Protein chains: 2
Amino acid sequence: MTLGDMDFPTPGPGHDCRMVREILDLVGDKWSLYIIASLKDGPVRFNELRRRIDGISQRMLTITLRGLERNGLVSRTLFPTIPPRVEYELTDVGRSLLEPVMALTLWANANQLNIQHARARYDAS
Amino acid sequence: MTLGDMDFPTPGPGHDCRMVREILDLVGDKWSLYIIASLKDGPVRFNELRRRIDGISQRMLTITLRGLERNGLVSRTLFPTIPPRVEYELTDVGRSLLEPVMALTLWANANQLNIQHARARYDAS
DNA sequence: CAGTATCCAACGCGATACTG
DNA sequence: CAGTATCGCGTTGGATACTG
């Protein structure tokens, strides 16, 4: 079974939810959303990106950027100077992802306390 | 740094995106969304749920349900009969999560091909 | 029926060291 | 500057067996 076999309530009837898990596989890891957020205002170089995202290792920055590039969410531009210079930038597709992520953000802000309380209640019992 | 330290473009200005990663921690695992989708039409018993979600093990169904229950997204009702009967149901909070998930779904459907092609191109080079 | 318990393989990620 | 290579640990999740 895939998520697509089950349908969520939708704006228009008959629409299903194929591929939701695929998005989570895209940006559901530890760092992708931080990178996307860090790139929202324009191109950023590798080490600058690293400085902006506190706690990320060089290795994970490279790996995560490769994934985002592979999926067409981020573009990589190499300027063959010495020393080399590489700029990462959101593609249009990558930028368009900010909208649904915003919807999640709003939900999170609205339900943050609900969840905290639910957890406290559950852990108490 | 948290995601909240970076702001996404928003409907209203000055709004940030705190807690996005927290949602991913809530439902970003392998099975949560399948369970939520399976519960959208009303309460379902344990083994029925298991039958509806192809591939999930008994163990993972239990664990994932406990997590959703703890976070207040799913409620668990025990009918102390013999044999026991347990019904799981989306809470209002859990149900409200379907909306932002829908936004992600729509994005996925719109960008599915883009992503496939991007991957094909990347893997070819 | 609705779980628990145990074991284990795969993966994600961090730390560290090295390079064109 | 912008990476790659290697190692190792902790977590996730699957398989299987057992239980009130």
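If you're wondering where the values come from, they're calculated on a predicted model, not measured in any experiment.
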Integer-rounded Å distance: [N] [atom2] and [X] [atom1]:
X	N	atom1	atom2	result
A:Arg50	C:dA15	CZ	P	11 Å
B:Ile63	C:dA2	CD1	P	18 Å
A:Leu26	C:dG12	CG	P	14 Å
B:Arg45	C:dG3	CZ	P	10 Å
A:Leu65	D:dC1	CG	P	16 Å
B:Asn47	C:dC1	CG	P	5 Å
A:Ile56	C:dG14	CD1	C1'	11 Å
A:Leu61	D:dA2	CG	C1'	10 Å

Given [options], identify the nucleotide with an atom nearest to the side chain of [X].
X	options	value
B:Arg66	D:dG14, C:dC1, C:dG3	C:dG3
A:Met60	C:dC13, D:dG14, D:dA2	C:dC13
B:Thr62	C:dG3, D:dC1, C:dC1	C:dG3
A:Pro84	D:dG14, C:dG3, C:dG20	C:dG20
B:Phe46	C:dG14, C:dG3, C:dC1	C:dG3
A:Gln58	D:dT4, C:dG14, C:dA2	D:dT4
A:Lys30	C:dG3, C:dC13, D:dC1	C:dC13

Mind checking if B:Tyr88 touches a base, just sugar-phosphate, or nothing, with heavy atoms under 4.0 Å?
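The answer is sugar-phosphate, as B:Tyr88 gets under 4.0 Å only of primed atoms, P, OP1 or OP2.
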What does A:Arg59 touch in the nucleic acid at a heavy-atom separation under 4.0 angstrom: a base, only the sugar-phosphate, or nothing?
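The residue A:Arg59 makes base contact.
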Inspect the contact between A:Arg85 and A:Glu87 and indicate whether a charged nitrogen and a carboxylate oxygen are less than 4.0 angstrom apart.
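Result for this pair is yes, salt bridge flagged.
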Are B:Arg51 and B:Glu48 within salt-bridge range, i.e. N to O under 4.0 Å?
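Salt bridge: yes.
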Evaluate the side-chain proximity of B:Ile35 to B:Leu68: yes if any heavy-atom separation is below 4.5 Å, no if none is.
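Yes, at least one pair of side-chain atoms sits under 4.5 Å.
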Between OH of B:Tyr88 and CD1 of B:Ile36, what distance do you get to the nearest 0.5 Å?
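Reported to 0.5 Å precision, the distance equals 14.5 Å.
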Heavy-atom pair with the smallest gap, counting every atom of A:Arg119 and B:Asn71
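Closest approach of A:Arg119 to B:Asn71: NH1-OD1, 2.8 Å.
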Quick check on D:dG3: is either OP1 or OP2 less than 4.0 Å from any side-chain nitrogen or oxygen of A:Arg85?
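So the side-chain polar atoms of A:Arg85 never come under 4.0 Å of the phosphate oxygens OP1 or OP2 of D:dG3.
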Need the pair for C:dG20. Rule: Watson-Crick or G-U wobble, both distances under 3.5 Å, any strand; none if unpaired.
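Partner of C:dG20: D:dC1.
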